[in-house]
Amino acid sequence: MTTENLILVLGDQLSHPLSSLALGDPENDRVLMCEVAEEATYVPHHQKKIAFIFSAMRHFADELREKGWTVDYTRLDDAKNTGSFTGEVERAVARIKPERVVVTEPGEYRVMEAMRGWSETLDVPVDILPDRRFVATLPEFEDWASGRKQLRMEYFYREMRRKTGLLMDDDEPAGGKWNFDAENRKPASEDLAMPAPLTFEPDETTLEVLQLVERRFGNHFGELRPFGLAVTAAQAEQVVDEFITHRLTRFGDYQDAMLVGEKTLYHSLVSFYINAGLLDPLEVCRKVEQAYRDGAPLNAVEGFIRQIIGWREYVRGIYWLEMPEYVEQNFLSAERALPEFYWSGQTRMKCLAEAIGQTKTDAYAHHIQRLMVTGNFAMLYGAHPKEVHEWYLVVYADAYEWVELPNVLGMSQFGDGGLLASKPYAASGNYISKMSNYCAACEYKVARKTGEGACPFNPLYWDFLVRNRDKLEGNPRISRAYSTWDRMKEENKQAYLESAESVLAAIERGEDPA
Ligand code: FAD
Ligand code: DLZ
Ligand code: SF4
């Protein structure tokens, strides 16, 4: 029997309604899935991230077989594995001789470029179908963006609310307002009850993958064990349900809070699964909306839904609008190498040690840790945005370039000069002190502005503003900081700049600031 279509399913396309699978038919078509070294090493991903993807891929292949599909699955250690998508597709075409290759468009530009070449190199036509697992199509986003001077997420988000009908009462936003973010900035207190995240015992398939990852990628960043991530859609659904039952109510209030030893607070931990395709973003939002209709607070529900149909959709649109130039942008001409402690986690700065520490163990940190601790510090320090981008792509199990790059280069490093964020997310130690209890547990003193023992964020903040004055002072959202600087006594300014110089020099030497 001849195979009509060879359907390639990638590691972040683990969705049964995927456009390529929806068009196919198990009787006449064949699915190809492949574990390839190139994807695991084009940046050396966190060990847990590789294990998660491989295990989820193997489970998904089993589910497809149960549904009647024939799946050709290349394991990483298969003797003939060529190590790349291109090589594996070529090998499969030669073996199976399909009439055409069908694939849903990939999330990353790099992979799309490779696929665009396949029609020429393979002897069969290649159909690249749109990815329908997003609310906005890419042409819709382009239409929305065209002719606008500023691409503010808030306006795009309102379009997505209207399109999906989520939290809409007829034509009006539920509760009379589009956005309840102002209510979502409460600092956490230590006596709050924090539910422990749901974890899953590794099954045989996952155990086998863990051994493989240990053997092949044991030198990559991060800790592989214990491994408790969900690896099937059914398990991921349990994570959503646990979030709705135990965390959603407080998600809004404490969205920006951070506590020593508390890795997740009230966050949902669903990004791994949505991005890999195990969860449908819209279905998750509809479940959370139902919780609102059943009594959950609107600030929590709106805040959560905005992250998914607002931010997540918006960064995807920006990525495809701006690539391939986007990754090269460096508006602030930041050139320093990323501090060594981003890899080791060894620093006396408690906030950074906490955020990087849990990144090593869990391949996870929540949004404010990523933005205001590791991201903020890298920007104040003047790390090269491309190096910062690569760090984030490596270390988080939810990181794929389409979602990670705009968040890192645009939102957290201001590398695009304000296309995505209206001002740099730069902050001194005061912000971290307000939103966390890290400072109370830190050897540095957040109240000390300069000199030995001062919180390093403090002098770096002013040094950052001074260093980038020509590029930033015209920004109305930051001009007040420059007025404060200008009013400061000369000796205080001098102390800040000298202190910053010694912080920068110590970190460059691989030491903690004095
Ligand atoms: P929750 O706080 O519970 O939020 C719910 C969901 O909303 C998330 O699961 C996610 O799907 C979505 N979401 C929230 N914020 C964003 C956002 N800014 N962009 C896109 N989706 C969002 N998210 C990734 O999925 N992959 C990344 O590689 C990634 N890198 C980031 C890097 C930086 C510097 C920053 C500031 C943010 C980054 N984010 C990234 C966004 C956000 O931090 C994570 O989505 C979130 O921390 C995931 O944890 P959660 O599922 O518990 O999220
Ligand atoms: C991230 C990743 C890794 C580590 N390994 C694989 C793999 O072996 N096979 C695969 O199909 N996908 C993998 N992925 C996810 C891909 O990198 C992702 O599909 C592309 O970057 C497109 O977004
Ligand atoms: Fe971080 Fe400074 Fe607070 Fe220490 S004092 S935890 S370095 S913000």
Side-chain angles (χ1 to χ4, degrees), residues 8-13 33-42 45 49-50 52-54 57 74 76 85 88 105-108 110-112 153 217 239 243 247 251 255 264-276 279 281 284 303-308 310-316 347-354 364-375 377-378 388-389 392-393 395-409 411-413 425 427-433 436 438-448 454-458 513:
L8 172 66
V9 174
L10 306 181
D12 56 354
Q13 298 185 336
M33 295 180 72
C34 35
E35 296 168 8
V36 287
E38 187 170 279
E39 291 308 300
T41 58
Y42 74 94
H45 293 294
K49 177 179 189 176
I50 301 174
F52 162 63
I53 292 170
F54 284 8
M57 284 174 66
T74 315
L76 190 80
F85 287 143
E88 283 312 282
E105 64 193 353
E108 298 194 351
R110 171 186 64 87
V111 180
M112 185 60 128
M153 192 286 295
F217 308 112
V239 175
F243 167 67
R247 296 160 192 272
F251 170 84
Q255 199 176 346
T264 53
L265 286 98
Y266 300 104
H267 291 272
S268 66
L269 298 165
V270 295
S271 53
F272 314 123
Y273 314 122
I274 294 184
N275 294 349
L279 291 173
V284 173
F304 181 84
I305 287 176
R306 174 162 25 90
Q307 305 311 314
I308 294 187
W311 279 111
R312 185 172 183 275
E313 294 281 331
Y314 170 79
V315 298
R316 175 184 184 242
T347 169
R348 289 190 286 126
M349 291 180 271
K350 185 69 177 170
C351 52
L352 285 154
E354 284 280 306
Y364 175 83
H366 65 71
H367 188 69
I368 290 299
Q369 293 175 306
R370 296 188 205 196
L371 185 63
M372 299 311 293
V373 179
T374 43
F377 191 86
V388 183
H389 144 61
Y392 278 92
L393 189 56
V395 303
Y396 292 113
D398 58 18
Y400 303 86
E401 196 180 73
W402 66 266
V403 54
E404 171 275 333
L405 181 67
N407 269 301
V408 173
L409 188 137
M411 192 188 310
S412 91
Q413 302 300 296
Y425 281 95
S428 67
N430 193 33
Y431 175 87
I432 294 172
S433 168
S436 78
Y438 290 158
C439 302
C442 184
E443 288 183 35
Y444 296 96
K445 297 284 164 267
V446 72
R448 200 171 291 166
C455 165
F457 284 76
N458 293 338

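FYI, side chains are in, hydrogens and waters are out, and symmetry mates aren't considered; it's all heavy atoms of this structure. Whatever order the structure lists them in is the order used to number ligands and atoms, beginning at 1.
- For the pair Tyr42 and ligand 2, no heavy-atom separation below 4.0 Å is found.
- Between Phe52 and Tyr273, the ring planes lie perpendicular to each other; the angle is over 60°, past the 30° to 60° tilted range.
- Using 4.0 Å as the threshold, Phe54 has a heavy atom nearer than that to some atom of ligand 2.
- Proximity of Met33 to ligand 2 is not established, as no heavy-atom distance is less than 4.0 Å.
- Every atom of ligand 2 is numbered from 1 in the order shown, and the set under 4.0 Å from a heavy atom of Leu10 is 11 (O), 19 (O).
- Heavy atoms of Tyr396 come nearer than 4.0 angstrom to ligand 1 in no pair at all.
- Using a 4.0 Å cut-off between heavy atoms, Ser268 contacts ligand 1 through both its backbone and its side chain.
- Of the protein's non-hydrogen atoms, Cys351 N, 3.5 Å is the one closest to atom 6 (S) of ligand 3.
- Residue Gln307 holds the heavy atom nearest to atom 7 (O) of ligand 1 of all those in Gln307, Met372, Gln255.
- Heavy-atom proximity to Cys34, at under 4.0 Å, picks out these atoms of ligand 2: 7 (C), 8 (O), 9 (N), 10 (C), 11 (O).
- Looking at atom 3 (Fe) of ligand 3, its nearest protein heavy atom turns out to be Cys439 SG, 2.3 Å.
- Counting heavy atoms closer than 4.0 Å to ligand 3, residue Cys442 contributes side-chain atoms (C-beta onward) but none from N, CA, C or O.
- Looking only at protein heavy atoms, the nearest one to atom 2 (Fe) of ligand 3 is Cys455 SG, 2.3 Å.
- A salt bridge between Arg316 and Glu105 is present, with a side-chain N of the basic residue lying under 4.0 Å from a carboxylate O of the acidic one.
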